[in-house]
Peer 1: 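My structure is below; once you've seen it, I'll send some questions.
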Amino acid sequence: GHTMMEMYPELEQTEMFNELKRCMQERTASVFESDFYFPDNTQGWFELRIQPVPEGLFILSMDITERKRAQQEKEELLVSLEKKAAELQSSNIELERFAYVASHDLQEPLRMVSSFLSLLEQEMDGQLDVAQKEYIHFAVDGAERMKALVQALLQYSRIGTDKKSFALTDLNDSVQYVKQVLEEEIKKNEAVLNWKPLPKMVVHETLINQLFLNLVSNALKYRNKKNPEIEIGSTEEQDSYVFYVKDNGLGIEAKYYDKIFVIFQRLHNKSEYSGTGIGLAICKKIIELHNGKIWIESEVGKGSTFYFSIPKKIAL
Ligand code: ADP
């Protein structure tokens, strides 16, 4: 029993009313969304479809509040996700800068420790007893190990997203490169390295060479009693290629599958096998720079297969 104007006196000031007036005067149709406050002050959203008819205007009003709320929530979520991603990226950049500076600046004092220890050993030659010589030896050994770790960290933190270096690369050349670099090791271990034809892809060639080098070196290093047999190949998926480097070496227990990709994590100690535990962490970082994934399947005593995927289209 009321007119709109009685119920909503402020209606005349709204955009909706202006649009209604325009449609009425110009006799044109219009579709628009409008928010609306009910007398109890709750907000709602309507989609209004206005059609001029001889009697005036025909208005179809649809309540789209639910859809609008869901859309608003989605937008808010997206904004907060983007904010989180930006925060994460800047904290990653800071961490990498920290790792770089720390490892770079640690080298100098470390050099001093080992060179003065060696000097001391030379000057005291003949005056040191066996135990004292051993103490110096342990100290030099510790400094050498720390040097290797610091250099590994430096190498790790230097791997960056140099987007300009991504180019179409024949991955057979990468394996050929690895074969050349490891020629001596392959001979020494009486190993066989076979590979099935690999595709050409847009990748960071130097980093992918490094990745293959690390995986094949490990396949030679963690060999079993049998002569190492290493096979490299790939399978084509819809949006990516999955590569594998398979060996017949020591193998790894399933509970360590994640651990081995973490920086400085090793399953063998330095007296058994030399190394710093950086090789697979570098592989992981390289693959993540290519927006891919790396994982392992293995059986203790039988061998391991390292898989990694590289998307056909890399978001640069
Ligand atoms: P590093 O070789 O310097 O220890 P990596 O990061 O390359 O560092 O490897 C981490 C650990 O994963 C190694 O210490 C070793 O225990 C294990 N590992 C890596 N590759 C293989 C492999 N092909 N077969 C068996 N174990 C492996």
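Quantities reported herein were computed from a predicted structural model and do not represent experimental measurements. Just follow the structure's listing: the first ligand is 1, and inside any ligand the first atom is 1.
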Peer 1: For atom 12 (O) of ligand 1, state which one of Ile260, Ile296, Asp247, Thr305 supplies the nearest heavy atom.
Peer 2: Ile260
Peer 1: List every atom of ligand 1 that sits less than 4.0 Å from any heavy atom of Gly279, numbering the atoms from 1 in the order shown and giving each element.
Peer 2: 5 (P), 6 (O), 7 (O), 8 (O)
Peer 1: What about Val203 and Tyr307, same hydrophobic cluster or not, with Ile/Leu/Val/Met/Phe/Trp/Tyr joined at side-chain heavy-atom distances under 4.5 Å?
Peer 2: no
Peer 1: Show which atoms of ligand 1 fall inside a sub-4.0 Å distance from at least one heavy-atom site of Ile278.
Peer 2: 6 (O), 8 (O)
Peer 1: List the closest protein heavy-atom neighbour of atom 5 (P) of ligand 1: residue, atom name, distance to the nearest 0.1 Å.
Peer 2: Leu280 N, 3.6 Å
Peer 1: With heavy atoms of Ser304 as the reference, note each atom of ligand 1 found under 4.0 Å away.
Peer 2: 24 (N)
Peer 1: Would you call Arg97-Glu94 a salt bridge at under 4.0 Å N-O?
Peer 2: no
Peer 1: Of Tyr256, Tyr273, Tyr222, which has the heavy atom at the shortest distance from atom 2 (O) of ligand 1?
Peer 2: Tyr222
Peer 1: Test of understanding: given a 4.0 Å heavy-atom threshold, classify the contact between Gln265 and ligand 1 as side chain, backbone, both, or neither.
Peer 2: backbone
Peer 1: Could you list the atoms of ligand 1 found under 4.0 angstrom from a heavy atom of Lys221?
Peer 2: 1 (P), 2 (O), 3 (O)
Peer 1: Looking only at atom types and distance, does a side-chain atom of Arg27 sit under 3.5 Å from a main-chain N or O of Pro52, one as donor and one as acceptor?
Peer 2: no
Peer 1: I need the atoms of ligand 1 closer than 4.0 Å to a non-hydrogen atom of Gly277, numbered in the order shown.
Peer 2: 1 (P), 3 (O), 4 (O), 6 (O), 8 (O)
Peer 1: Is a side-chain donor or acceptor of Tyr257 paired with a backbone partner of Ser298 at a separation under 3.5 angstrom?
Peer 2: yes
Peer 1: Considering only NZ, NE, NH1 and NH2 on the basic side and carboxylate oxygens on the acidic side, decide whether Glu288 and Lys284 come within less than 4.0 Å.
Peer 2: yes
Peer 1: Which ligand 1 atoms does Gly275 reach within 4.0 Å, using its non-hydrogen atoms?
Peer 2: 3 (O)
Peer 1: Of all the heavy atoms in Phe306, does at least one lie under 4.0 Å from an atom in ligand 1?
Peer 2: yes
Peer 1: Can you establish whether the number of heavy atoms outside Phe98 located under 6.0 Å from its atom CZ is more than 12?
Peer 2: no
Peer 1: Do me a favour and list the nearest non-hydrogen protein atom to atom 4 (O) of ligand 1 with residue, atom name and distance?
Peer 2: Arg266 NE, 2.5 Å
Peer 1: Answer yes or no for Asn214: is there a heavy-atom contact with ligand 1 below 4.0 Å?
Peer 2: no
Peer 1: Salt-bridged, Glu185 to Lys188, with N to O below 4.0 Å?
Peer 2: yes
Peer 1: Have a look at ligand 1 and work out which part of Ile252, if any, has a heavy atom under 4.0 Å from it: side chain, backbone, both or neither.
Peer 2: side chain
Peer 1: Give the residue and atom name of whichever protein heavy atom lies nearest to atom 7 (O) of ligand 1, and the separation in Å to one decimal.
Peer 2: Asn218 ND2, 2.8 Å
Peer 1: Any donor and acceptor pair, going by atom type alone, linking the side chain of Asn172 with main-chain N or O of Leu198 inside 3.5 Å?
Peer 2: yes
Peer 1: Salt bridge check: are Glu236 and Lys312 linked by an N-O gap of less than 4.0 Å?
Peer 2: yes
Peer 1: Before you tell me yes or no, could you show the steps for Glu190 and Lys226 under salt bridge (Lys or Arg N to Asp or Glu O under 4.0 Å), namely the whole-Å CA-CA distance, both residues' side-chain angles and the distance that decides it to 0.1 Å?
Peer 2: CA-CA 10 Å; Glu190 294 180 54; Lys226 284 177 275 175; over 6 Å; no
Peer 1: To check your reading of the model: name the closest protein heavy atom to atom 16 (O) of ligand 1, its residue, and the distance in Å.
Peer 2: His268 ND1, 2.7 Å
